[in-house]
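Input: a single structure, listed below in structure tokens.
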Protein chains: 2
Amino acid sequence: MAAKRSSAQSNRSQRKNVSLQSVQEPHGDPPLSLDRIVATAVELLDAEGVDGLKMRRLADRLGAGAMSLYWHVDNKEEVFDLALDAVLEYRGPLQADEPEDWRSDVVHLLQDWRASMLRHPWSASLLSRRALGPNILNRLELLGKILSRAGVADADLNVAIWSLWNYVMGATITRASFGLSDDDQAAAQQRLTRLSEHYPTIERSRLLLDSDWDGTFRKGLDFLLDGLSPGQNSGSR
Amino acid sequence: MAAKRSSAQSNRSQRKNVSLQSVQEPHGDPPLSLDRIVATAVELLDAEGVDGLKMRRLADRLGAGAMSLYWHVDNKEEVFDLALDAVLEYRGPLQADEPEDWRSDVVHLLQDWRASMLRHPWSASLLSRRALGPNILNRLELLGKILSRAGVADADLNVAIWSLWNYVMGATITRASFGLSDDDQAAAQQRLTRLSEHYPTIERSRLLLDSDWDGTFRKGLDFLLDGLSPGQNSGSR
DNA sequence: AATTTAATCGTACAGCGTACGAGTCAATCT
DNA sequence: AGATTGACTCGTACGCTGTACGATTAAATT
């Protein structure tokens with residue numbers, strides 16, 4: 001009889017066991033595990049994008065049957081969530097000794113997020129598609145903690161968190177939507193040039209052509225941080 | 001023989017003809033038209049979200065066969081594009097008489113975009129999903145035109161356009177991802193309260209609970225506009 | 001009257017996520 | 001030792017999707 005249980009909690013607890021048991025078979029058919037599934041999912045997402053991740057193809061890459069995945073994972077959505085979580089980890093410095101350096105902490109954190117999302121462009125569009133859950137909240141909490149420790153008043157924390165988060169999300173999503181076909185860099189550049197021709201202001205500002213994305217991102221971020229600097233604006237409005 | 005032509009250009013030219021010919025039948029089976037298709041698609045998207053728009057369901061609502069849509073439209077993607085375009089029209093004031101009022105022009109424009117996207121939450125996530133095309137460029141051009149006319153130097157235009165666009169996109173996408181299940185407002189509030197409990201900083205800042213979304217949006221926007229104000233920063237860096 | 005064009009729809013197909021149940025193998029318990 | 005259990009894998013099957021194709025009809029044009 002032996003029907004499968006998948007309460008999404010029992011699965012998680014088995015992960016460690018399996019991954020400890022046998023990690024590096026020479027090759028051939030290593031056993032399935034949540035870790036391996038997630039890692040391969042990230043690979044596949046990097047290579048083929050959000051629409052390229054199909055359960056069957058993921059199983060093929062793992063050398064497993066399609067339905068075997070459903071023992072470790074409830075459904076495809078969970079694969080997305082796990083892949084997101086695996087990719088968006090912040091491992092940078094957490095707090096400068098001097099509270100005055102709060103800016104550099106925040107900038108580091110946000111630049112790191114941005115870099116991670118751009119390294120895996122699907123993550124940005126996934127983050128914007130899914131309703132807010134632990135994935136997002138963990139990051140908001142971390143950002144808030146840094147801001148708070150840096151001296152941002154509780155009354156301003158709400159605005160500070162949202163402003164910065166929104167800006168980073170928007171900048172990353174927009175930027176990510178450009179590099180969709182990096183296959184042919186020259187052709188992409190030519191396409192942008194052709195597009196620009198019909199939009200005088202865009203062309204004049206060279207908006208699409210020689211955008212220094214990192215620099216532009218940094219400048220807008222600085223404007224926000226100027227406004228949010230502790231002591232600059234106290235109280236509410 | 002009579003195979004169908006659909007060069008995506010001949011279709012567009014027939015739209016006006018059809019829509020003029022007969023707009024308001026009492027009811028029953030009004031003839032298909034691009035206008036009717038797009039309008040119904042927007043309805044369906046509003047009601048069911050991005051994943052709720054299926055060609056068959058759209059055809060059902062129109063009282064037509066599923067395949068009839070493909071005479072007016074090349075594929076489903078085009079339905080998305082047309083719906084986006086139909087929704088994101090700016091009809092606000094275009095330029096204040098005094099160039100000093102540039103801020104109010106910009107704020108009006110951006111708030112209008114934000115309101116449109118929030119009225120149709122699918123639009124935000126669609127905008128972020130599609131590579132940049134006329135949909136986005138038309139809007140960037142308008143924003144740039146307003147900024148330029150307001151006195152922003154050409155050298156600063158690039159940063160100004162991107163900063164504002166990114167901020168609006170991020171704020172709207174984030175906000176939109178909250179109101180996904182507006183069915184039960186009380187339950188949603190309770191869910192947020194429960195979520196907040198595990199995140200001290202989020203809870204302390206009441207990030208999820210009584211966010212004044214419009215006010216928060218406006219404040220971050222003001223910070224950006226402060227930094228971008230003409231005369232504030234000239235040259236590049 | 002003959003022929004072309006615009007428009008609609010029924011059928012069909014490949015691909016998707018996944019429910020279901022049957023199978024394997026090792027550990028555990030009499 | 002024999003029986004039983006639970007973890008895990010996989011083949012088949014189902015319903016749903018977007019859409020290619022061809023037949024059909026109605027209107028416009030010649």
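Distance, Arg57(B) CZ to dG18(D) P: 10 Å, rounded to whole Å. Put simply, CG on Asp74(A) is 14 Å from C1' on dG17(C), counting in whole angstrom units. Put simply, CG on Leu69(B) is 13 Å from P on dA20(D), counting in whole angstrom units. A straight line from CG of Asp51(B) to P of dG18(D) spans 10 Å, rounded to a whole angstrom. Trp71(B) places its CH2 atom 15 Å from the P atom of dG22(D), with the value rounded to the nearest Å. Distance Ile37(A) CD1 to dT9(D) C1': 12 Å, rounded to the nearest Å. Distance CZ (Phe80(B)) to C1' (dT19(D)): 15 Å, rounded to an integer number of Å. Straight-line distance from the CD atom of Glu77(A) to the P atom of dC16(C): 17 Å, rounded to whole Å.
As judged by a 4.0 angstrom heavy-atom cut-off over every strand, Leu53(A) is placed among residues touching the sugar-phosphate backbone only.
Side chains of Trp165(B) and Trp113(B) form a contact here, defined as non-hydrogen atoms less than 4.5 Å apart. Taking 4.5 Å as the limit, every side-chain heavy atom of Ser196(A) sits out of range of all side-chain heavy atoms of Arg206(A). A 4.5 Å side-chain heavy-atom check between Leu164(A) and Leu147(A) finds at least one atom pair inside the cut-off. Two residues are said to be in side-chain contact when any heavy atoms from C-beta on lie closer than 4.5 Å; Leu207(A) and Tyr199(A) fail this criterion.
Of the candidates dG18(D), dC9(C), dG17(C), dG17(C) carries the atom nearest the Tyr70(A) side chain, counting heavy atoms from C-beta on. Of the listed nucleotides (dG11(D), dT9(D), dG18(D)), dG11(D) has the atom at the smallest distance from the side chain of Met67(A). The Lys54(B) side chain lies nearest to dG18(D) when the options are dC16(C), dG18(D), dT8(C).
On a pure distance criterion of 3.5 Å, a polar donor-acceptor pair joins the side chain of Arg56(B) and the base of dG18(D).
Residue order along DNA chain D, read from the 5' end via each residue's closest nucleotide, puts Ser68(A) first among Ser68(A) and Asn75(B).
Annotation: cation-pi pair Arg175(B)/Phe217(B) absent, no NZ/CZ under 6.0 Å from the ring centroid and within 45° of its normal.
Considering only side-chain N and O atoms, His72(B) lies nowhere under 4.0 angstrom from the phosphate OP1 or OP2 of dA6(C).
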